[in-house]
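What you see is a predicted model; the values in this text were computed from it and never measured. Sequence lines set the chain letters: A, B, ... in the order given, protein chains first and strands last, and positions in each chain run from 1.
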Amino acid sequence: MSDILSSLNSAQKEAVLATKGPVLILAGAGSGKTKALTHRIAYLVEHEKVSPFNILAVTFTNKAAKEMKIRIQKLLGSTYDFPFSGTFHSVCVKILRKEIELLGYNQRFLISDGSDQLQVIKESMKYLNIDPKQFNPRAVLGAISSAKSEMVGAAEYANLAVGHFQEIVTKIYYEYDKRLKESNALDFDDLLLKTVEIFNKFPEVLEKYQNQFHYILVDEYQDTNHVQYLFCKKLSAKHKNICVVGDDWQSIYSWRGANYRNILDFHKDYPDAKIIKLEQNYRSTKNILEAAHNVIAKNIERTDKKLWTDNESGLPVILYEAFNEKEEGQFIIAEAGRLEKQGYGLSDIAILYRTNAQSRSLEEELLKFNIPYKIIGGVRFYERREIKDLLSYLKFIYSGTDWVSFKRIINLPARGIGAKSLEVFENFARNNNLSLMDALSRVEDTNLQDKMKKGFSEFGNMAKQLVSLSNVLGVADFIEKVIIKSGLKSYYDDGSVEGDSRVENLEELISVAREFEEASSGLGLGEFLEQISLLSDIDNYSDESKSITLMTMHSAKGLEFPVVFMVGLEEGIFPHSRSSFSEEEMEEERRLCYVAMTRARKRLYLVYASNRMLYGGISSNPPSRFINDVPSHLMTDFTTRTVELKEPSFDIKAGDKIRHAKFGTGLVVGVNGEEIDVLFDSFGLKRLSSVFAPVEKIN
DNA sequence: AAGGAAGACTTTTTT
DNA sequence: AGTCTTCCTT
């Protein structure tokens, strides 16, 4: 037990020892809140003999949950499992798999992702004769989603609807929900909403879980929405052992319904709540912390606090004006070279940007100079077309009810079934009240042309075959069969480079499934699909490989890096132009800036470009207002020093022979500024940076 | 029904 | 600039 307490400061210790009753931990950036949480859970288990089964620990990402488990296991020195630690969504899925039949769903429900949702919205609008040009389907989906996160169902929405837009949304909301239910599918918001709905309608079920979860811990409480708030409140109503951790300064998800007031209002629900403040920062240098503080201090709507640190002052924050987005990347590459000489590795470096689209130019430069990197987020693996296709097959086979998936794959590869015949088939199923599978086996009764009937019934036969295969094969072997039997492989394998990469991706999913099988003995297709749906980008991130990390500032939440480059600090990019309409959104941008800055431990670079390619044209935006908020004594402008930085360390001209640390010897065939083209003896032609690349001249 | 071409539209951030 | 849509041709 002394182990559990000895490494904590007094506030952290207090957070660990206050096990009974409601506790609010206000934890500033880098103040060791994960430490406090893990030690608290370890203390509960070891000292208070609480079974892990009785602990509910909610984190923001699956990765955070996993890390927490590992840290607790290290503390306890044994292999305790914590079955109820995970994201709100994953915990709710666990509950719903047991209870959802109460709401008339089948227990084998599927989870619809964003693009599925949009598809259903579009179909619903078409069915209702609503013009998608007049009402943007994404805006409609957004309205429905925020209603759901406020615990407002279609019927209540109808009552509350004001104005034409909301009346239209009401109609679509009903139709959308109806279609999801027909497919036995839940969207992300439903996972939370339906769980709370069950708690509301079935008190005995609620009581069962109240009795189970003696202790409830919630991380990143500033980013919970209303439904999540209700979920916590209801579950903790009996034992009242609820401990929430958060920082209103780091609330960056209000656009998806999060409300940092949940933190500020905690004491209203629990007047006797113990409030503990963690204000000592262990992460950053004094300069970085001070700079970040000056940025956030401009916000009006915030609690008052001041983080402090015992760390050294460190270097000033480095400011750099690049000529354009290309040069932005080149500056980082040159700096990375200098940093490497000072003992930093590539995995110590993160590049953070506001929008995913910004990664492309950076990626191009890194590629050009052969710098290893990894990108978190962006075009996700699971959203690639071929993967969505394959997953649609899997979802359709697994559920037998999923119309969204069915429509995606019925004519993929082409089976001669177009929109018209699909419509006939759909009406046939609707009018006769047939399930999707039943309708498929009764295609003969439709008034489709014989050719179409054949197409449908052949598809139906294949589906039946796959269903029986799914019952006998392991997930990975089954997926392998699906890729062949569906015809997806031959469809994509057209000999083109693009086709090759698509087939490669299809096969990559087999490996993902193999790993899944190894990690989880006895779990099947349903669990595999579920795990994939609930995965976030950051969940797959590991910092082991020697490469620079690129991600959005949002994704960086909860992480830290010795060196952080914040790029694209220009008005219109960051703060984003869409935020300039409301003061609230601008404050959120500012919080995002604070979050990004406080990721840095030793070095922080603020980079902006005077010209930037945007929407196919060049635009020039003034430097971000956030740069002006950093006092000049904490910042040094590197821009004037570029020439010096970019000067090649030695003279290289065409015709020189060089040696590269990795590629061996080669001949310089061209010099273009800081870029050199080298024909390597065994690696062929490569373009390198003469500043950064580990090359030396030989004679 | 399918493939191709011109045109619109994009880019916030994500479980 | 790249991707997604829609319309047009076969």
statement: I376(A) atom CD1 is separated from dT15(B) atom P, nearest whole Å, by 12 Å
- request: Rounded to the nearest angstrom, tell me the gap between atom CG in D189(A) and atom C1' in dT14(B).
  value: 11 Å
- line: Those residues at least two apart in sequence (or on a different chain) that pass side chain to side chain contact (heavy atoms under 4.5 Å, CB included) with S490(A) are none
message: Rounded to whole Å, please give me the gap between CZ in F574(A) and C1' in dT11(B).
response: 15 Å
query: Base, sugar-phosphate alone, or nothing: which one does Y253(A) contact when heavy atoms must sit under 4.0 Å apart?
result: sugar-phosphate
- request: Mind checking side chain to side chain donor-acceptor pair (under 3.5 Å) for E588(A) and listing every partner two or more places apart, or none if nothing turns up?
  value: S254(A), R591(A)
message: Using whole Å, what does the distance between atom P of nucleotide dT14(B) and atom CZ of F60(A) come to?
response: 10 Å
- request: Could you tell me which residues satisfy salt bridge (charged side-chain N to carboxylate O under 4.0 Å, His left out) with K388(A), sequence neighbours excluded, listed by chain and number?
  value: D113(A), D116(A)
task: Would you indicate, yes or no, if dC9(B) has its OP1 or OP2 atom less than 4.0 angstrom from a side-chain nitrogen or oxygen of N136(A)?
output: no
query: Which class fits the ring pair W249(A) and Y594(A): parallel under 30°, tilted 30 to 60°, perpendicular over 60°?
result: perpendicular
task: Verify the contact: side-chain N or O of N62(A) to OP1 or OP2 of dT15(B), cut-off strictly under 4.0 Å; return yes or no.
output: no
Sugar-phosphate only, base, or nothing, as touched by R138(A) at under 4.0 Å among non-hydrogen atoms: sugar-phosphate
- request: Return no unless some side-chain N or O of T61(A) is found under 4.0 Å from OP1 or OP2 of dT15(B).
  value: no
field: Per-nucleotide protein contact string for nucleotides 1-10 of chain C (B base, S sugar-phosphate only, - none; heavy atom under 4.0 Å)
entry: BS--S-----
query: What's the CZ-C1' distance between R256(A) and dT14(B), to the nearest Å?
result: 5 Å
field: Gap between atoms CD1 and P, on I573(A) and dT13(B) respectively (whole Å)
entry: 12 Å
- prompt: Rounded to the Å, how far apart are D187(A) CG and dT15(B) P?
  reply: 15 Å
- prompt: Can you name the residues that form a ring-ring contact (aromatic ring centres under 6.0 Å, His included) with Y176(A), not counting sequence neighbours?
  reply: none
message: Going by the rule ring-ring contact (aromatic ring centres under 6.0 Å, His included), which residues pair with F574(A) if we only count those two or more places apart in sequence or in a different chain?
response: F626(A)
Detail all sub-3.5 Å separations between protein N/O atoms and N/O atoms belonging to nucleotides 1-6 of chain B.
unit_1 : atom_1 : unit_2  : atom_2 : d
dA1(B) : OP1    : G418(A) : N      : 3.1
dA1(B) : OP1    : S421(A) : OG     : 3.2
dA2(B) : OP1    : G416(A) : N      : 3.4
dA2(B) : OP2    : N411(A) : ND2    : 2.8

query: How many Å lie between CG on L614(A) and P on dT11(B), as a whole number?
result: 12 Å
- request: Given salt bridge (charged side-chain N to carboxylate O under 4.0 Å, His left out), test K407(A) with E123(A) step by step and report yes or no.
  value: CA-CA 11 Å; K407(A) 284 181 194 166; E123(A) 280 170 18; 2.9 Å; yes
query: Between dT11(B), dT13(B), dT15(B), which nucleotide has the shortest distance from any of its atoms to the side chain of T552(A)?
result: dT13(B)
- request: Output all residues satisfying side chain to side chain contact (heavy atoms under 4.5 Å, CB included) with I70(A), sequence neighbours left out; order by chain, then residue number.
  value: none
task: Can you spot which of I111(A), L96(A), L110(A) makes a side chain to side chain contact (heavy atoms under 4.5 Å, CB included) with L186(A)?
output: L96(A)
- line: Across all chains, not counting sequence neighbours, the ring-ring contact (aromatic ring centres under 6.0 Å, His included) partners of Y105(A) are none
query: Which part of the nucleic acid, if any, lies within contact of Q228(A), taking any heavy atom under 4.0 Å across all strands shown: a base, the sugar-phosphate backbone alone, or nothing?
result: nothing
